[in-house]
Amino acid sequence: MPELPEVETTRRGLEPFLNGQRIAAVRIHDPRLRWPVSPQVATAPCGQLIHGVSRRAKYLLIHLERGTIIIHLGMSGSLRLASGNESPRTHDHVEFLLDNGHVLRLHDPRRFGSVHFTEDDPLHHRLLSSLGVEPLSDAFTAPLLKSKAGSRKVAVKNLIMDAKIVVGVGNIYASESLFLAGIHPSRPAGRIALQRYEGLVAAIRKVLAKAITQGGTTLRDFVNGVGEPGYFAQSLQVYGRAQQPCTICGSPISSRVIAQRNTFFCAKCQR
DNA sequence: ACTGGCTCCTGAGGGC
DNA sequence: TGCCCTCAGGAGCCAG
């Protein structure tokens, strides 16, 4: 499932292959994604040069001469660059055919992903305009988290997964970061000291940055079109490890549903 | 202003 | 072998 590191990895992998290429045609095989793919996606990009590929939160932005293609991978989506004479697979819902004979395919079995096109500043798009700070930017700080927490009673796990506050912290990395910071996921956000938020911010940065480094493996697979499952699973400390010993103290890892999501933590190490 | 819950979808995995 | 059931999961949206 694409978390922020995987989206960033995808971006880095695609950019050198897409930059300077021209989109010859777009084929929408199945418009039924998270939101119906607008017919504009099939027409507006045609004939346009690709100027760059950037990322905001988990959205990939493919910048054209006039306008931007906005892609979200949802939880099962992937983008694959293939030779044009290779036939599309099941669940290849949208294809961008390039002048050089290659084709960029959005593959998304569960169809939680989405594709949009906008001629305006993409950061002003309704899906992007109210997003919080990037976790790897200087804007993501402990005082920011602390001020957003205020006196709120919401679990700190909800706080860091709230995309209006900070983007890109998915369910897996929320558990991992809170473990690294020694903070219990259910602790009310308003009852955490600034100093502990310093630790949490550092932990989120560390976990995401490490995952991006590991994403390099996925990058090559991605470009070559060879899947390599579970590349980051081996470095997970708590996620999916219920009842297994904590890597710090040895007591069994707990699991509980918090924020409608399965959450893993060590009840002894995290307070 | 907050908060919790629902929703989209399909593959995987367990039970029988 | 195969069918059925349940669950996971990003994030927008809505109701209370």
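All chains are named by letter (A, B, ...) in the order of the sequence lines, taking the proteins before the strands, and each is independently numbered beginning at 1. Note that the coordinates shown come from a computational prediction; the quantities given were computed from them, not determined experimentally.
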| remark: From CG of A:Leu33 across to P of C:dA11 the rounded distance in Å is 15 Å
| field | Fellow cluster residues of A:Val103, listed by chain then number, with links counted only when side-chain atoms sit under 4.5 Å apart | value | A:Leu97
| message | Could you tell me if A:Arg111 sits above the aromatic ring of A:Trp35, with its cationic atom closer than 6.0 Å to the ring centre and no more than 45 degrees from the axis? | response | no
| message | Just to verify, what does A:Tyr59 make a ring-ring contact (aromatic ring centres under 6.0 Å, His included) with, not counting sequence neighbours? | response | A:His72
| When the distance from NZ of A:Lys157 to C1' of C:dG10 is rounded to whole Å, what number comes out? | 12 Å
| Interatomic distance, A:Ile165 CD1 vs C:dG12 P [rounded to whole Å] | 13 Å
| field | Counterpart residues, side-chain hydrogen bond (donor to acceptor under 3.5 Å, both in side chains), relative to A:Arg205 (two or more places apart) | value | none
Listed pairs, N/O of protein and of nucleotides 1-4 of chain B, under 3.5 Å:
residue, atom, partner, partner atom, Å
B:dT3, OP1, A:Lys153, N, 3.2
B:dT3, OP2, A:Arg152, NE, 2.5
B:dT3, OP2, A:Arg152, NH2, 2.9

| Within residues 145-167 of chain A or reaching into it, pairs that qualify as ring-ring contact (aromatic ring centres under 6.0 Å, His included) - sequence neighbours excluded | none
| Phosphate OP1/OP2 of C:dA11: any A:His72 side-chain N/O under 4.0 Å | yes
| field | A:Glu86: partners by side-chain hydrogen bond (donor to acceptor under 3.5 Å, both in side chains), with sequence neighbours left out | value | none
| Between C:dC13 (P) and A:Asp162 (CG): distance, integer Å | 14 Å
| How about A:His184 and A:Phe265: are their ring centroids closer than 6.0 Å? | yes
| query | Between A:Arg32 (CZ) and B:dC9 (P), how many Å, whole number? | reply | 8 Å
| Length of the line joining A:Leu73:CG and C:dG9:P, which is rounded to integer Å | 17 Å
| request: Starting from P on C:dG12, measure out to CZ on A:Arg261 and report it in whole angstrom. | output: 13 Å
| said: Strictly below 4.0 Å: does A:His91 bring a side-chain N or O up to OP1 or OP2 of B:dC9? | reply: no
| field | Global bending angle along the helix from B:dC2-C:dG16 to B:dC16-C:dG2, which compares the axes of five pairs at either end, to 10 degrees | value | 50°
| Given atom CD1 of A:Ile258 and atom C1' of C:dA8, what is their separation to the nearest angstrom? | 17 Å
| said: Taking side-chain hydrogen bond (donor to acceptor under 3.5 Å, both in side chains) as the definition, give me every residue that meets it alongside A:His51, ordered by chain and number, with sequence neighbours left out. | reply: none
| query | With sequence neighbours left out, what residues match A:Arg55 under salt bridge (Lys or Arg N to Asp or Glu O under 4.0 Å)? | reply | A:Glu8, A:Glu134
| task | Apply side-chain hydrogen bond (donor to acceptor under 3.5 Å, both in side chains) to A:Lys58 and list each qualifying residue two or more places apart in sequence or on a separate chain. | result | none
| note | Residue set satisfying salt bridge (Lys or Arg N to Asp or Glu O under 4.0 Å) with A:Arg191, at least two apart, ordered chain then number -> none
| said: Can you tell me if A:Tyr173 touches the phosphate of C:dG10, counting only side-chain N or O atoms and a distance under 4.0 Å to OP1 or OP2? | reply: no
| field | Sorted by number, the residues of residues 106-134 of chain A with heavy-atom contact under 4.0 Å to DNA chain C | value | A:Arg110, A:Phe112, A:Arg126, A:Leu127
